[in-house]
Colleague: 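Handing you a structure now.
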Amino acid sequence: MPELPEVEVIRQGLMPHLNGRTICEIRCSGKPLRSPVPCSEMRVELCGHIISTVHRRAKYLIVRMDNGAALIIHLGMTGNMGIFAKGSTTQKHDHVCWGLDNGTELRFNDTRRFGAVRLLEAATSKTLEKQFFAALGPEPFSRSCSARYLANRAAGRKTAIKKFIMNSHVIAGIGNIYANESLFRSKIHPERAAASLSDKEWQRLLGIIRKTLKDAIACGGSTISDFVDASGKGGYFQINFQVYGKDGETCRICWKVIIKKYIDGRASFICPGCQEQP
DNA sequence: CAAGTTACCTGACGGC
DNA sequence: TGCCGTCAGGTAACTT
């Protein structure tokens, strides 16, 4: 479900509820997520300690504690985090629950259990970046993620540009929706070889990726089926989709019919008028 | 290194 | 009503 904008919206929604709160109790469904949930370890490391901040890296949320411990949470396809009153009705796929000192609790819900909850004791920003996120590419908004950097990484690569920008080892946070939307807005066909983009095209694509992600964050993310932010509200960027899920509809720019095609196993939406076939 | 497949898991939807 | 196949926002581990 969640790509960078949705994770960022969740982070921003959670921050005011979590910052400075003490974790009092932890409950787990017992079902494994992508990896087993370290329930007893979390109780030892987190209970009685204060949450200092919530960060995001790529599509990961990072809850930092005053004792140096860090929770690293990935939402997978269907994961979500929300704040609820203690004792309120739980949902079917609530898998982890962190009780706080003010009568609320943070809940992780994940229908398909593709998400992950990991625990690092004694994590610093440096060790997190060096150990846990070592293989991740730069954040799209960071200085190190330049058009030059992307062009260099793409040099010699025949792989489709769409797959390339969805590769988290190259650039973090871009999933299927925002890859489709950014390529359409850049007028670049998703099957173009990554190495075939000119410097000018890289500049345009990077600028548009940044703008698209930023606009989506400002809209509260995209609600496809059930995405909601920490307070239970859905985002509305999906009204700005120009190609995603719009096969059979006419392009709002050139009036040609948008097609759907599987590229590298992922649904891709292309305007044959705006995005020239390689 | 690239491209393809499989796997993780549940639920919604369409066809019959 | 139900059964079956297909598909879904992500990622990693395999094989060729």
Colleague: Near DNA chain C, counting only heavy atoms under 4.0 Å, which residues of residues 262-270 of chain A show up?
Modeller: A/Tyr262, A/Arg266, A/Ala267

Colleague: First and last nucleotide of DNA chain B in contact with chain A, 5' to 3', at under 4.0 Å to a heavy atom: what are they?
Modeller: B/dA2 to B/dG11

Colleague: Looking only at the aromatic ring of each residue, does the gap between the centers of A/Phe133 and A/Tyr60 stay below 6.0 angstrom?
Modeller: yes

Colleague: Quick one: do the A/Arg27 and A/Thr90 side chains pair a donor with an acceptor below 3.5 Å?
Modeller: no

Colleague: With clusters defined by side-chain heavy atoms of hydrophobic residues (ILVMFWY) lying less than 4.5 Å apart, directly or transitively, does A/Ile62 cluster with A/Leu4?
Modeller: no

Colleague: Quantified in whole Å, what is the P atom distance between nucleotide B/dC9 and nucleotide C/dC3?
Modeller: 22 Å

Colleague: Output yes when a side-chain donor or acceptor of A/Glu105 lies under 3.5 Å from a complementary backbone atom of A/Trp98, and no otherwise.
Modeller: no

Colleague: Measure from the side-chain N and O atoms of A/Glu8 to the backbone N and O of A/Pro5, and report whether any donor-acceptor pair falls under 3.5 Å.
Modeller: no

Colleague: According to side chain to side chain contact (heavy atoms under 4.5 Å, CB included), who are the partners of A/Lys211, at least two apart in sequence or on a separate chain?
Modeller: A/Asp215

Colleague: Give me the stems containing DNA chain B, sorted by first residue, counting only three or more consecutive Watson-Crick or G-U pairs with both distances under 3.5 Å; say none if there aren't any.
Modeller: B:2-8 with C:10-16, B:10-16 with C:2-8

Colleague: Would you mind listing every ring pair (Phe, Tyr, Trp, His ring centres under 6.0 Å) that reaches into residues 154-174 of chain A, with sequence neighbours excluded?
Modeller: A/Phe164-A/Trp202

Colleague: Are there any protein N/O atoms within less than 3.5 Å of an N/O atom in nucleotides 12-16 of chain C, and if so, which ones and at what distance?
Modeller:
from: C/dA12; atom 1: O4'; to: A/Arg34; atom 2: NH2; distance (Å): 3.3

